[in-house]
Amino acid sequence: MSHPSSRLSSWFQRGPTRQKAQNAPPAPASASSISSPFNCTMTVSGQKPEPEVRAVAVFCGSSPGNSPAYAAAAKSLGKAIAEAKRPLVYGGGSAGIMGAVSGAVLEAGGDVVGVTPYAMVAAGGEVDQSKGIHKPHIQLKEKGREKVETVVVNSMHERKAVIAKRSCAFIGLPGGYGTFEEVLEVVCWSQVGIHSKPVIVLNVRNFYDPLRELIRNGIREGFILEKNEHLVRFVDGPPDHAEHETFDWGKATLETLDHWQPIAASHFYNWHLRKDGKEEEDVLGAT
């Protein structure tokens, strides 16, 4: 059997730009219609589309937050993603920060893929966790968002797996528990060698300072290797929070992405290996 590190899937180990010319464009995914009451056409995850080698995943809140700087940062990022010709992959819908970043990509002429569990589609969308209000945040035929490719999956785990497969990097904007979990999960995948993709967070209004301190405390207390502090990169804004609403978060983030260098995994496992002794190409089947 080959060394575990040599068997990691090439597409899943792909960096942000290095293999752009080495992969053919993804074949168009066939479509499948969803029955009433949705009555629309969309991509279904079981069709296994090829990943967009330049696509970036953005994790963020379905709530807008209490400061306009959060939506402004999301719009700045979305505009920069589109201008860099990088497709956006996110959790779907038009609410909160999720709506701001995806709307900015669309407005700038970029491509957007929204991945959402069927349960949320059936319910009309995610709950605004800051207010406990249930609004129709996910509308499959939403006006002005006809260009969004909607991928409907069966579970939250499948949602994250599909987002990961279609992306070459992960970017975190401010958000709640869901955003925290998504960011930290892909950092963990970096640590154990499931992938070697960039993970970047936008520290708008110093939102992610507690996360940075949590990581450093984990190092001090002997739970995280010192080198692994850099598995996630922080994009900081101006010292004065008043400038965060007009700061070019998109430019700063894309520069960080373009200059990202991988950190060697601290653990080596064969993530293709299954308990029946067989090996599968999809390393995410082991997560």
Side-chain angles (χ1 to χ4, degrees), residues 8 12-18 54-61 65 69-70 73-74 76-78 80-81 84 86 88-91 97-98 101 159-161 163-237 244 247 249-269 271 283-284 287:
L8 293 177
F12 204 66
Q13 287 285 303
R14 187 174 299 127
T17 58
R18 291 191 297 274
R54 286 181 55 79
V56 295
V58 174
F59 302 133
C60 54
Y70 298 130
S76 174
L77 176 62
I81 288 172
R86 290 179 177 273
L88 167 70
V89 185
Y90 81 122
I97 306 302
M98 297 172 75
V101 66
R159 181 196 213 182
K160 291 182 293 182
I163 289 174
K165 289 177 183 180
R166 283 175 166 253
S167 307
C168 73
F170 306 97
I171 298 173
L173 282 159
Y177 283 130
T179 304
F180 300 160
E181 186 269 342
E182 289 163 339
V183 169
L184 287 174
E185 183 165 42
V186 293
V187 172
C188 177
W189 290 352
S190 298
Q191 177 177 264
V192 299
I194 290 177
H195 73 153
S196 60
K197 300 179 182 181
V199 183
I200 301 167
V201 295
L202 279 65
N203 199 20
V204 186
R205 293 179 55 82
N206 297 92
F207 182 85
Y208 280 111
D209 273 1
L211 174 60
R212 178 154 47 194
E213 178 54 29
L214 181 65
I215 294 169
R216 290 175 175 173
N217 191 53
I219 294 169
R220 287 192 296 268
E221 297 299 324
F223 293 102
I224 299 173
L225 290 177
E226 185 173 357
K227 71 169 185 174
N228 286 346
E229 178 180 354
H230 303 294
L231 290 176
V232 55
R233 311 296 170 88
F234 292 77
V235 176
D236 293 303
H244 282 212
F247 181 66
W249 292 98
K251 179 181 178 182
T253 303
L254 269 291
E255 287 178 351
T256 301
L257 177 59
D258 289 340
H259 292 90
W260 176 85
Q261 293 294 323
I263 303 297
S266 55
H267 302 75
F268 297 95
Y269 308 100
W271 292 106
V283 295
L284 279 177
T287 60

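Sequence positions, counted from 1, serve as the residue numbers for this chain. The model shown is predicted, which means the values in this text are computed figures rather than measured ones.
Qualifying ring-ring contact (aromatic ring centres under 6.0 Å, His included) partners for F247, counting only residues two or more places apart in sequence or in other chains: W249.
A donor-acceptor contact shorter than 3.5 Å links the side chain of Y208 to the backbone of L173. Side-chain atoms of R54 do not come within 3.5 Å of backbone N or O of R86 as any donor-acceptor pair. S167 places no side-chain N or O within 3.5 Å of a backbone atom of A55 that could act as its donor or acceptor partner.
Rounded to the nearest 0.5 Å, atoms CZ (F59) and NZ (K160) are 8.5 Å apart. Put simply, CG on N203 and NE2 on H244 are 8.0 Å apart, with the number rounded to the nearest 0.5 Å. The distance from the CG atom of N228 to the CD1 atom of I219 is 8.0 Å, given to the nearest 0.5 Å. Taking CG from L214 and CD1 from I224, the interatomic distance works out to 7.0 Å, rounded to the nearest 0.5 Å.
For the pair F234 and L211, the minimum side-chain heavy-atom distance is below 4.5 Å. Within the 4.5 Å cutoff, side-chain heavy atoms of L254 are placed close to those of L77. Side-chain atoms of I97 and T179, non-hydrogen and from C-beta on, never get closer than 4.5 Å to each other.
S190 pairs with exactly one of K197, H195, H230, E185 by the side-chain hydrogen bond (donor to acceptor under 3.5 Å, both in side chains) rule, that one being H195. With respect to R220, the salt bridge (charged side-chain N to carboxylate O under 4.0 Å, His left out) criterion is satisfied by exactly one of E226, E229, E213: E213.
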